[in-house]
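For reference, the structure is listed below as structure tokens.
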Amino acid sequence: MAPLTPRVVVAVDVKKKPWEQKLPLHNRWHPDIPPVADVTEGEVFRVEMVDWTGGRVGDDTSAEDIKSLDLTITHYLSGPLRVVDTKGVPAKPGDLLMVEICNLGPLRGDEWGYTATFDRENGGGFLTDHFPCATKAIWYFEGIYAYSPQIPGVRFPGLAHPGIVGTAPSMELLCIWNEREKELAENGIGLLKLCEVLHQRPLANLPTAENCLLGMIKEGTPEWKKIADEAARTIPGRENGGNCDIKNLSRGSKVYLPVFVEGANLSTGDMHFSQGDGEVSFCGAIEMSGFLELKCEIIRGGMREYLTPMGPTTLHVNPIFEIGPVEPRFSEWLVFEGISVDEAGRQHFLDATVAYKRAVLNAIDYLSKFGYSKEQAYLLLSCCPCEGRISGIVDSPNAVATLAIPISIFDQDIRPRSGKVPAGPRVLKKLPDVLRCTYDGNLPTTQNPCRSK
């Protein structure tokens, strides 16, 4: 007998707000957010989700919605889901939860997405010291392909994936998160030597009750207030998985998540049509609403058997990811190298962040020779299927990072060759640019000293 159509466990209506959904969504991690449904291991079930902003970014001709976006909303997730075995026994702390992605994609009738950079005073991005303005590009989907009116001359197949898949933390793990991130936020600049420009962004996003959505827990109740003040933000990836933004977690992939609470309380969201390694513009994938069709398996005692704690407690573990067999095929790549020497010529010791920043800046500057604005190139490298690598991390003093761009996504040959760099045939500066706002802050913009000579 043919298998049944996947059961819809969480359905969403993109015309409704996150808190208006039939099964309310949530945007925090906490062990006491109650599950909205049960799923049984072995069954294939469907979870639908809104885009990470809950519909606050529009398919329009303005980037004002990006500039003014309140980031305390981040991210609206579907779930939690209580996972039980075929006998009805829930997953237990110490188990490993295998989540297989059987199918996924955009929601019917909502086949579009966006890529953006936040204003430097409101979230910024990896290169916020170079690109302080809020910008946005809209993408439309043609089957597996995406194209943007704001970045003409580019079309590529997407590798759709969820940015967030995670289990709920235990109360002990939640306290570990909050304590270490509070310490970093309060003392990180004095304790750690980081690439200076990263200090112009928040070092950590601590718990806040502002815009907190806790599923079926009613706002304003004593229970809501207690959880809202404790619940962790969903912005970084952590021991529970969470916002890992691994672009290759598409059809056929498997995620092995540690279980910290009874039932595992699985949540997912932040759907992407495509993303480049690093998601460098921060709001940097092609963000969309979408669906996942999943299947779970409970591996009893799997945390002890397969995950090695790296820290002071047995909770300091990380998930394992198994990449699926379905990916776009590219045979030709242009690869840009970066080393751990910053734009001022300062040497950093094996700093992979500085090296990757240099690789991305090198790629942006190169693409600008072919008719693209640097803002277009920045957004494109954040969302197209480019490959980032740490190529060297031992040869002091320089870390080496690389960024590889598939050549075939462009409508022109972007390889170096004899003669003048072409400006076309179809990609010309007179064509549309990304949607952008003004930057009204007063932080200095990083300059390349060679440009002034």
Side-chain angles (χ1 to χ4, degrees), residues 6-7 9-10 26 28-47 49 75 77-104 161-174 176-177 215 232 234 237-246 248-271 291-310 313-324:
R7 177 170 68 98
V9 176
V10 179
H26 65 102
R28 300 291 192 272
W29 295 115
H30 196 283
D32 294 335
I33 298 175
V36 298
D38 284 10
V39 296
T40 303
E41 67 171 340
E43 75 162 319
V44 179
F45 58 92
R46 178 180 170 110
V47 178
M49 59 210 75
H75 302 77
L77 306 181
S78 294
L81 303 176
R82 179 175 177 263
V83 184
V84 301
D85 63 20
T86 54
K87 296 180 180 179
V89 180
K92 303 288 186 182
D95 291 343
L96 201 60
L97 181 68
M98 187 280 288
V99 182
E100 180 178 359
I101 300 175
C102 301
N103 196 14
L104 77 174
H161 60 278
I164 297 178
V165 180
T167 53
S170 64
M171 199 63 213
E172 180 183 359
L173 182 58
L174 178 65
I176 290 172
W177 291 353
T234 62
R238 299 186 182 92
E239 286 85 348
N240 68 326
N243 193 25
C244 295
D245 286 323
I246 299 175
N248 303 86
L249 290 181
S250 194
R251 290 178 181 85
S253 297
K254 296 178 181 179
V255 186
Y256 299 87
L257 296 166
V259 176
F260 301 106
V261 301
E262 183 173 295
N265 285 4
L266 175 70
S267 297
T268 185
D270 189 28
M271 280 293 292
F291 74 92
L292 293 174
E293 292 177 356
L294 305 174
K295 183 169 67 172
C296 294
E297 177 186 347
I298 301 170
I299 303 174
R300 297 295 183 184
M303 282 180 63
R304 181 183 66 254
E305 295 295 329
Y306 295 106
L307 302 184
T308 301
M310 293 289 180
T313 77
T314 57
L315 302 178
H316 288 79
V317 295
N318 295 102
I320 299 171
F321 304 90
E322 181 180 344
I323 301 305

Exercise. Indicate the atoms forming the closest heavy-atom contact of L292 with M271, along with that distance.
Key: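 Heavy atoms of L292 and M271 come nearest at CD2-SD, 3.9 Å.
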Quiz prompt | Exercise: identify the closest heavy-atom pair between L174 and W29 | solution =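 The answer is CD1-O, 3.8 Å.
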Exercise. Step by step, work out the side-chain contact (heavy atoms from CB on, under 4.5 Å) result for L81 and T268.
Key: CA-CA 9 Å; L81 303 176; T268 185; over 6 Å; no
Quiz prompt | Partner set under salt bridge (charged side-chain N to carboxylate O under 4.0 Å, His left out) for R300, not counting sequence neighbours | solution =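 Applying salt bridge (charged side-chain N to carboxylate O under 4.0 Å, His left out) to R300 gives D85, D95.
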Are the side chains of [X] and [Y] in touch, meaning some heavy atoms are under 4.5 Å apart?
X: E239; Y: W177; answer: yes
X: L96; Y: E305; answer: no
X: K254; Y: E100; answer: yes
X: F291; Y: N103; answer: yes
X: T314; Y: M303; answer: no
X: P80; Y: P34; answer: no
X: T308; Y: V317; answer: no
X: V255; Y: L97; answer: no

Quiz item: Salt-bridged, E43 to K295, with N to O below 4.0 Å?
Solution: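 Salt bridge: no.
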Quiz item: Do the side chain of T167 and the main chain of G241 share a donor and acceptor less than 3.5 angstrom apart?
Solution: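 Checking the backbone N and O of G241 against the side chain of T167, no donor-acceptor pair under 3.5 Å is found.
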Exercise. Could you tell me whether the side chain of E41 and the main chain of I298 form a donor-acceptor pair under 3.5 Å?
Key: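 Yes, E41 side chain to I298 backbone: donor-acceptor pair under 3.5 Å.
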What distance separates [X] [atom1] from [Y] [atom2], expressed to the nearest 0.5 Å?
X: L307; Y: L257; atom1: CG; atom2: CG; value: 9.5 Å
X: N240; Y: S170; atom1: CG; atom2: OG; value: 10.0 Å
X: M49; Y: S267; atom1: CE; atom2: OG; value: 10.5 Å
X: N248; Y: I323; atom1: CG; atom2: CD1; value: 4.5 Å
X: M98; Y: C296; atom1: CE; atom2: SG; value: 7.5 Å
X: I33; Y: H26; atom1: CD1; atom2: NE2; value: 5.5 Å

Practice problem: Take K92 and E262 through the test side-chain contact (heavy atoms from CB on, under 4.5 Å) and record every step on the way to the result. | Solution: CA-CA 5 Å; K92 303 288 186 182; E262 183 173 295; 3.3 Å; yes
Practice problem: Decide side-chain contact (heavy atoms from CB on, under 4.5 Å) for S250 and L104; before the verdict, give the C-alpha distance in whole Å, the side-chain angles of both, and the deciding distance to 0.1 Å. | Solution: CA-CA 8 Å; S250 194; L104 77 174; 3.8 Å; yes
Exercise. Please report the C-alpha distance between N243 and T234 in whole Å, then the side-chain angles of each, then the deciding distance to 0.1 Å, and finally whether the side-chain contact (heavy atoms from CB on, under 4.5 Å) criterion is met.
Key: CA-CA 7 Å; N243 193 25; T234 62; 5.9 Å; no
